[in-house]
Amino acid sequence: MPPRASKRKSAPPNSSSVTSSDGRSVSNKAKTKGMDKIDRLFNTYANSSLGVIDPEGIEALCSDLGVDYTDVRILMLAWKLKAEKQGYFTQDEWQTGLKALGVDSLTKLKKALPELEKEVEEPSNYEDFYIYAFQYCLTEEKQKSVDIESICELLNLVLGVQFRPQVDSLVEYLKVQNDYKVINADQWINFLRFCKEQISFPDLENYDATQAWPLILDNFVEWMREKQS
Amino acid sequence: MSNQKKRNFQIEAFKHRVVVDPKYAEKTWKILEHAIHEIYNHNASGLSFEELYRNAYNMVLHKFGEKLYSGLVTTMTAHLKEISKSIEAAQGDLFLEELNRKWNDHNKALQMIRDILMYMDRTYIPNSRKTPVYELGLNLWRDNIIHSGKIQSRLLSTLLELVHRERTGEVIDRGLMRNTIKMLMDLGSSVYQDDFEKPFLEVSAEFYKVESQKFIECCDCGDYLKKAEIRLNEEIERIAHYLDVKSEAKITNVVEKEMIANHMTRLVHMENSGLVNMLLDDKYEDLGRMYNLFKRVPNGLSMIRDVMTSHLRETGKQLVTDAESSKDPVEFVQRLLDERDKYDKIICQAFSNAKTFQNALNSSFEYFINLNSRSPEFISLFVDDKLRKGLKGVSEEDVEIILDKVMMLFRYLQEKDVFEKYYKQHLAKRLLSGKTVSDDAERSLIVKLKTECGYQFTSKLEGMFTDMKTSQDTMQGFYANHPELAEGPTLVVQVLTTGSWPTQPTITCNLPTEMAALCEKFRSHYLGTHTGRRLSWQTNMGTADIKATFGKGQKHELNVSTYQMCVLMLFNNADRLSYKEIEQATEIPASDLKRCLQSMACVKGKNVLRKEPMSKDIGTDDAFFVNDKFTSKFYKVKIGTVVAQKESEPEKLETRQRVEEDRKPQIEAAIVRIMKSRRVLDHNNVIAEVTKQLQSRFLANPTEIKKRIESLIEREFLERDSDDRKLYRYLA
């Protein structure tokens, strides 16, 4: 048989694997064995006709992991897998991700979750994860912004633990205001900076509106100040 | 044979005869001493100058300079002590006279003595570093007379007494004063200063302190300043007459400090007569005096300027925010111009046209003119009024003057783009109704605006003028090509280029058949020569002149709007028409139609139509008839109104919205321009640069600029720097 074309040029999600002339993964025995386990795990959840894990599969995976579908740890997992499309894991992403985690079974994966949390919370990774969380929500092609409601949920999920008071106020404000119906990437990243830069909360004394904060945060601070007076 | 004696030759030095007369010095001195006595006793005429000179010369030559000098000192001192007694003995006013007389005597004596002792002056004295004779004489005078216990204080108090008398109005002997003062000056500047000037200044300060307090209690500001000026001039004159010129600056300082600086604030703010009152009443002379006096003291002028500025801002603010004056835009602007003229005149006449005052005037106007957001609209309406009728019959130079003054107000506006929008609207109406008083005046103003704001500001306005001219040519061409139409109604079409004129929505309107046909002919004629263009009739902007005959045969020519014409023509074919029928036939939108009917049926003097019922409002069930009883003393009756008017609230909002919309792309263009050249720039500098760039059109709002920046970030023209959140980067 002539060698098959190894790379297919279609839109994600799509399965692609490097194959040799006989159609088997080329690696040493142990690796192959490990990869096999990962692949088998993949196939447990994958939608066989699509060749990817779809939302149903992810839900099943969550239930097996004992984690809620909306838990932030799933988002972290997606980040680790560098998953491109929300609700789907491709085989590639699965393989790379699980290898990076150093797991090849469900139990191992479950155990790896707390470590994953710590990894994400490392300062060098956190911003990356935060930005990823936003991009993960851009489901349509050419979509640049995310609607307010989703943003509120996302803020809760991603920043809620570390910055509870800020997130609560911000979410309240976003729901009340009507200048903006969607939030773009620039505004999103500045929410994080706002929390990180230790703007004293809730008095917001050291917030300087003449600096380059996005207008939405200027308005938020004004709203907060008015509320307190 | 000779006896040869050896003789020793000795060459000896030549010795002149030494007179070793021990009494020689004493004798010679006695001669000289006697001479000094005689000189002081006014008996110098019997003396031989030559002999005395020789004697002195010899003494010095024979090394008796020391004796001579000390003898001189002793003798002179003794005489001066005598003189001192006689001066002390003088009574009252004679004291000064005696002093002067003795001083003159002493001077004369001193000169003679110096001449006699000139050899000593030139040889012994420099060698032994002693004080030269003349100076010695002055010092001795000083020490024995001027600084003598009994004379010193008496002299000072006498001099000060005289000055005081003169200040209180008495006449004194100025010559005597002058001589006395000159004496002190001759004795050395420190003598003059210590023995006279210092105390003089102190006493003067006290005097003026008291006097200024007295004046300020009883005088009003203007009078006080007059008195202060008089006193100042007096002192200057006093210096010129009998004091050292170097004292002038010092004494004027005293007067300035005591009379002006110390009371500056109270004077300026004096009730009913202070600076503000002077400004209100145009008291040029008083203001000028205040300016000149205050100029002399530190912060004097800045105080005047500050008070003037705050007063001006206050009155200006009231002027522009007063609801009454806002009712009539022309009045509003006229009052601003009048106010400016008033202060211009004050600054010119009283404040010597000082630049700092001009600047204060300008900044004040800039401040309050922009407090009223309708100022741009009103200024345009003012210009409109002038160009329609106000400038009728006014000479060319006067027209220029008025326009220049308007330009001054224009310069103060922060929102020049708002002015532009209104000006365009008003100009359009003027041009289209042919109601401009002077084409030259119109163009002159455009040129001024161009000079002020650049070509872009006026290019569209100029386009409007061009369109008018071109339309004239087009109409000529049309009628030349269609001579058969000369008999029918005369059509005048103005073809407006869309970009140059204010945007108007195209509204439906059914023209009467005669007109419709004519318009079609024009359209095909025009498009025949201008392919590729599109014409749309602006029925809401046209006018018509129609001849009407009423019930009793009275004929009138009516000048109406196009809408009104459409409605009236219907009555050629019907006596009675309901609102609905009119609406159907003309297809004019309801609000415009109602206004149109109202203007013809409900306005006294223009009611060519009759309405049933006779209410003021137009109801949809109303019926209309031609008003057969219509009368007017004029043959030509104007009913249509296309005059520029102050906008109604909703119109104002709409215009403002459009202005805001227009600003957005301008802000964005400015941001992109700046970022493109700078590549990386921090937030505050972006705001500053953008504001500066747009200054000539409007004052950019930092929040709005921020919004535009964010929009540009979203569209990936800019990005935030990854490390420094305050920086923006240009994305090529």
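Residue numbers begin at 1 in each chain, while the letters A, B, ... track the order of the sequences.
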Residue among A:Asp218, A:Ile216, A:Ile189 with most heavy-atom pairs under 4.5 Å to chain B: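 Among A:Asp218, A:Ile216, A:Ile189, the one with the most close pairs to chain B is A:Asp218.
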
Straight-line distance of B:Ser711 OG to A:Asp186 CG, nearest 0.5 Å: 11.0 Å

Donor-acceptor pair, side chain of B:Glu710 and main chain of A:Leu215, under 3.5 angstrom: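 Judged by distance alone, yes, a pair lies under 3.5 Å.
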
Take a 6.0 Å sphere around [atom1] of [X] and say whether it holds more than 12 heavy atoms from other residues, nucleotides or ligands.
X: A:Glu115; atom1: CD; answer: no
X: B:Lys424; atom1: NZ; answer: yes
X: A:Glu149; atom1: CD; answer: no
X: B:Gln456; atom1: CD; answer: no

Stepwise side-chain contact (heavy atoms from CB on, under 4.5 Å) check, A:Lys144 with B:Arg715: CA-CA 9 Å; A:Lys144 292 239 179 90; B:Arg715 280 138 61 201; over 6 Å; no

Per-residue contact mode, B:Glu704 against chain A (heavy atom under 4.5 angstrom): neither

Where A:Arg193 and B:Asp721 come nearest, the two heavy atoms and their spacing: NH2-O, 4.2 Å

Partner chain A: residue of B:Lys707, B:Arg720, B:Glu719 with the largest heavy-atom pair count (under 4.5 Å):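 Top count of heavy-atom pairs under 4.5 Å with chain A: B:Arg720.
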
Heavy-atom check, side chain of B:Lys706 versus side chain of A:Pro214, under 4.5 Å: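 A side-chain contact under 4.5 Å is absent here.
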
